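Some notes on the structure that comes next.
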Amino acid sequence: MMDSRPDPGPSRPKKHPKKQNASLKPKKSTNTKRQLEKQKIEQLEKNALEFEAPADLKAFADLPISDHTKRGLKKAFFTNMTDIQAQSIPVSLKGKDVLGAARTGSGKTLAFLVPVLEILHRKKWGPTDGLGALIISPTRELAVQIFEVLRSIGGYHSFSAGLVIGGKNLKDERERLSRMNILVATPGRLLQHMDQTFGFESDNLQVLVLDEADRILDMGFSRTLSALLQHLPKSRQTLLFSATQTRSVSDLARLSLKDPISIGVDAADDPSTFSTATPQNLEQHYLVCTLDQKLTILWSFIKAHLHSKVLVFMSSCKQVRYVFETFCRMHPGIPLIHLHGKQKQMARLTMYEKFTHSKHAILFATDIAARGLDFPSVDWVLQLDAPEDAETYIHRVGRTARYESKGKSLLFLMPSEEEGMLAALKRKSIQVDKIKVKPSKTQDTQNQLQNLCFQDPEIKYLGQRAFVSYLRSIYLHKDKSIFRLAELPVEKFAEALGLPGAPKIKFLNKEVAKQKNMDRTAEAAKAEVLKIMEADSDGTDSSDEEGDRAKRSTTVRTKYDRMFERKNQNILSEHYNKLIEKEPEVEDDDFITLKRADHELSEDSPNEVKMDNLSKRKQKLGKAKRTLILNASTRNKLVFDEEGNAREAHNVADADEWMKERGGMSGVVEEGTKYAETERGKMKLADMVDRQEAKEKRKEKKRKRKERERGQVDDEDGGAVAFADPMPDDDGYVSPEFDLPSEGSDSDQEYARPVKRSRVANVPSRAKQTDDTLEDDEELVLSLLRR
C-alpha cells in the first residue's frame, strides 16, 4: 500500500541530545544576579574593613576597591599611589572621618575621589537615591579640575555627576540638580541652590569633602560654610584636606569632623599643625630690588626664558591686566595669558585650558591660581609681589615641581620686606637662596611704558588703577612688620608704570602722616632716654626730677596739657608759648580772671589810643577806621548827568532842617496824611484803569469772535467782509458755532441763538477808543488831585 502522504522533503538532521538539553535549560534569573552582586559588595566591604595597609603599599590594584574603579584608574594612567593616598584611602574606605594634610602636588584629589566612588558603590547608590557625595572647592578652576579627574576615573560607574559653579546659567543647573549623585561645587553657588532651588535635597548625603579648606575660609566663605553645614545631615562621613593649617581650619575640623584620623601630621609637633614642607625637587630663590625696578626685571626675565613655561603671581587683578596689556603691545616673542577673578567664567576657563595645553607660555595670575590647580610642566613660578604669609608662599610655589617633576621659583622682595619675609619663611623651615641681577642683562621698560600711556588713554587708565590697587593691597596687609606703605617710593613707582605723576590717594596720605607721627614719638622717647643717661653719667641727683615725674603721673592731665607740652610744634608754637608765659597766677580765692588789653591814651590826642600794645591786625583795623572817619565826606558816591555836572548818587536831606521847614511835628503828621491820600488816590486810579482795560479786552475778544463767525460778505459799497470758516474736527464733521451770552443779559435764549452777522464797517475804531479812554483817565486824575 502506497503511502498517500506528500513527500516530506529532505530529512533535517537531528539535534545532538546534549545540545538539545542545553537549549531547554532555563536562563539565570535576575534574582540570582542580584544575589551574586550583593555577595560581591558584602565581600568588598568586609575586605575594606579588615584591610591593614602594609608599609610598602604602592599600587592601586592592591587596595580593596571595585573592578570599576580599578579599570578607571588604569585607563587614566594612575597605577602607583603617593604617600597621602596610601595613608588616607584605606582609612576613608573604613568609613572614618579624615583630616588630611600634605604638601602641594602630592595627589590629594585622588585621595578623596577614590573613597567617594567606593562608598557609593558599596551602598548600591542609584539615580533615585539623590545626592550621595558633595565636594566643595574654593575656586571655580579647582572645581573644574576635580570634576575632570572624577570623569576620567569614574567612567565605568553608573553614577551621575554634576558641576555647580558661579558664572553659569542658574536655570540649567536647577533642572539637572535633582538627578545628581555626586556634586562638585563652589560654596556660594551651592548655598544659593540650597536656598532657592525647589526639590534640591541633601538629606541622604553620605560623604562630604572639603578641599583646600583653609582657602575656603580665607576667601570669606566662613559664614557660607557654616550655613552649608547646617543644611547637611550629621550622620555623614567628612573628608577635609588642606596643604596648610590655620587656626580657622582647626576650628572647622573640630566642628564638622567626628573623631577624625589625622593623615600627614608630624607626631613630634602639635597635632593641630600640618606639615608644610615644600616639594623636594623645587629650587627656591629670591632677589632684592626696589619697587620701580620690578617690571624691568620681569621683562628681562621673560626675554631670557622664551622657551619656558612660567607662572607669574601678582597681588591684584588690576596689576595683572595692566602688565598683560602693556607686555602684549611690547611683543616679547612668547604667548602671554592672564587669569584673574574679574574675568567672566568662560574667559577664565578658556585661559586655564590654554595655559594647561601650552608648551611655552607666560601666565600672569592672582592668587586665584595658587590653590590646587595642576598645570603640567611649569618650569618657573615667579612671585612679583610678596605673598601675604608663608602659607600663601607654599601654595604658590606648589604649582611647579609636582609629583616627581622638577621646578624653580623666584621671589621678588623689596628692601623693606626682606627681613620680615625671610623670618616668616624660616619659621616654616623653608630655606630660600638669594641671587643677584646683573644690571647689564636688564632692559629698561620705563620709556616704552610712558609712550604707551601717552598714545593710549586706556593704558594710562589701567596704569592708574594698577598703581592704586597695589598700594591698597599693601595698606590692607595685616603684617605691618613686612608691608610698610610709608616706606615705598611712590613717585618712582608711578614713573615706572609710565604715569606722568602719582595719583592722589587718601589712605596713602594718612599712612604717611601716621608713620611720621610714630617716628617723632620714637625720637622723643629716644631723646628722653639719652637725657636721663647723660644726667646719670654726670652724677647729678635726679631724685627731684623723678619726684616731679611721679607727681605729674598722679595728677589728672588733659589733652590741652599734652598739647602745650609738645616740643615739635611747627604751627602757632610761638603763640602757645606766649599764652603760657603771660598766663597770670590765679589765687585760690578767685574762680576766674578776665585779662583785658592795656589801652593807653596818646599824649598828642586824648581820643586816640596807643598802638604799641596792640597786635598788628588790630592796628590795621584801627588805622582803617580812622581813615573812614576823617574822610567821611568821600563816602558819598558821585554820578554825572548828561550835561556832565556831578551830583551825589544818594542825596539825603538833613532831618532837622526838613522838620523846621514843615513847622515841627504837626507839619510832619500833615505831610504824612497828604502822602497817604495821594497814594490812596493813585491806587484807586490804577484800579479803575485796570478795570477799563479788562473791559476793553473782553469787548475786543467778542468782536474778533464775531468777525470769525461772519465770514466774508460783500457790503453795499462793494467792500468785502471776512468770515471765519468753521474748522472740521478729525472725523471731518463741522460743528455750528453759537455766540456766548453778553454781560448783563437776563435771557438764556441768547446763548442758543445763532450769531447775527454784522458788517465790519460798524465796528468802532480801536485807536478812537484808546484816545477816549486816555481823556477820561486824565479828567479822573485831575478831579482826585483837586480833592
Side-chain angles (χ1 to χ4, degrees), residues 30 33-34 36-45 47-48 60-61 63-78 85 88-89 92-95 98 107-137 142-165 168 172-186 189-190 193-194 197 199-211 228 231-233 235-239 241:
T30 308
K33 287 185 177 180
R34 289 179 178 175
L36 293 175
E37 186 177 355
K38 183 178 180 181
Q39 293 176 1
K40 188 182 294 186
I41 291 176
E42 290 178 354
Q43 185 64 33
L44 187 63
E45 186 172 2
N47 295 337
F60 282 104
L63 291 174
I65 56 179
S66 63
D67 295 337
H68 301 303
T69 305
K70 290 181 180 179
R71 292 170 61 188
L73 291 169
K74 186 177 180 180
K75 184 180 179 180
F77 304 102
F78 294 114
Q85 294 168 0
S88 64
I89 291 178
S92 301
L93 292 177
K94 296 179 181 180
V98 172
K108 292 187 295 296
T109 303
L110 285 181
F112 59 78
L113 285 182
V114 172
V116 164
L117 293 174
E118 285 302 301
I119 291 171
L120 296 183
H121 174 71
R122 279 191 260 154
K123 294 182 179 297
K124 296 181 288 186
W125 209 260
T128 59
D129 294 328
L131 184 63
L134 178 61
I135 303 170
I136 300 178
S137 167
L142 183 55
V144 173
Q145 179 178 296
I146 295 172
F147 184 72
E148 292 298 330
V149 177
L150 177 63
R151 289 179 59 186
S152 64
I153 68 171
Y156 294 99
H157 288 277
S158 60
F159 307 129
S160 58
L163 178 65
V164 176
I165 56 177
K168 290 195 173 184
D172 296 341
E173 292 179 353
R174 285 175 177 173
E175 295 175 354
R176 305 173 185 175
L177 207 58
S178 60
R179 303 192 298 268
M180 299 302 170
N181 301 135
I182 304 174
L183 198 61
V184 183
T186 51
R189 179 55 67 93
L190 179 62
H193 279 295
M194 285 186 171
T197 302
F200 177 63
E201 297 179 354
S202 57
D203 298 337
N204 298 329
L205 185 71
Q206 303 297 315
V207 184
L208 171 65
V209 179
L210 298 175
D211 189 22
L228 287 173
H231 283 280
L232 302 179
S235 59
R236 67 177 188 272
Q237 182 181 357
T238 305
L239 309 177
F241 288 87

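If you're wondering where the values come from, they're calculated on a predicted model, not measured in any experiment.
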Minimum heavy-atom distance [X]-[Y], with the two atoms named:
X    : Y    : result
L93  : P115 : CD2-CA, 4.1 Å
D211 : L142 : OD2-CD2, 3.7 Å
A143 : I165 : CB-CG2, 3.8 Å
Q237 : L239 : NE2-CD2, 3.9 Å
N204 : Q206 : O-NE2, 2.9 Å
M194 : S202 : CE-OG, 4.1 Å

[X] side-chain N/O to [Y] backbone N/O, donor-acceptor pair under 3.5 Å:
X    : Y    : result
Q85  : G107 : yes
S160 : R179 : yes
W125 : G130 : yes
N181 : A133 : no

Could you go through the side-chain contact (heavy atoms from CB on, under 4.5 Å) check for L117 and L150 one step at a time? CA-CA 9 Å; L117 293 174; L150 177 63; 4.0 Å; yes
Can you list the residues that meet the side-chain contact (heavy atoms from CB on, under 4.5 Å) rule with R151, with sequence neighbours excluded? F147, E148
Kindly write out the residues that satisfy side-chain contact (heavy atoms from CB on, under 4.5 Å) with K124, not counting sequence neighbours, or none if the list is empty. K38, I41
Where do L190 and L183 land on the side-chain contact (heavy atoms from CB on, under 4.5 Å) test, with the steps shown first? CA-CA 10 Å; L190 179 62; L183 198 61; 4.1 Å; yes
For E173, which residues count as a salt bridge (charged side-chain N to carboxylate O under 4.0 Å, His left out) partner, sequence neighbours excluded? R189
Please indicate whether E37 has more than 12 foreign heavy atoms, meaning atoms of other residues, nucleotides or ligands, lying under 6.0 Å from its CD.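 Open: at most 12 neighbouring heavy atoms sit under 6.0 Å from CD of E37.
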Between E118 and L44, does a side-chain contact (heavy atoms from CB on, under 4.5 Å) hold up when you go through it step by step? CA-CA 10 Å; E118 285 302 301; L44 187 63; 3.7 Å; yes
I would like to know whether T69 and L63 meet side-chain contact (heavy atoms from CB on, under 4.5 Å); could you show each step before the answer? CA-CA 10 Å; T69 305; L63 291 174; over 6 Å; no
Taking it one step at a time, do F241 and F112 satisfy ring pair (Phe, Tyr, Trp, His ring centres under 6.0 Å)? CA-CA 9 Å; F241 288 87; F112 59 78; 5.7 Å; yes
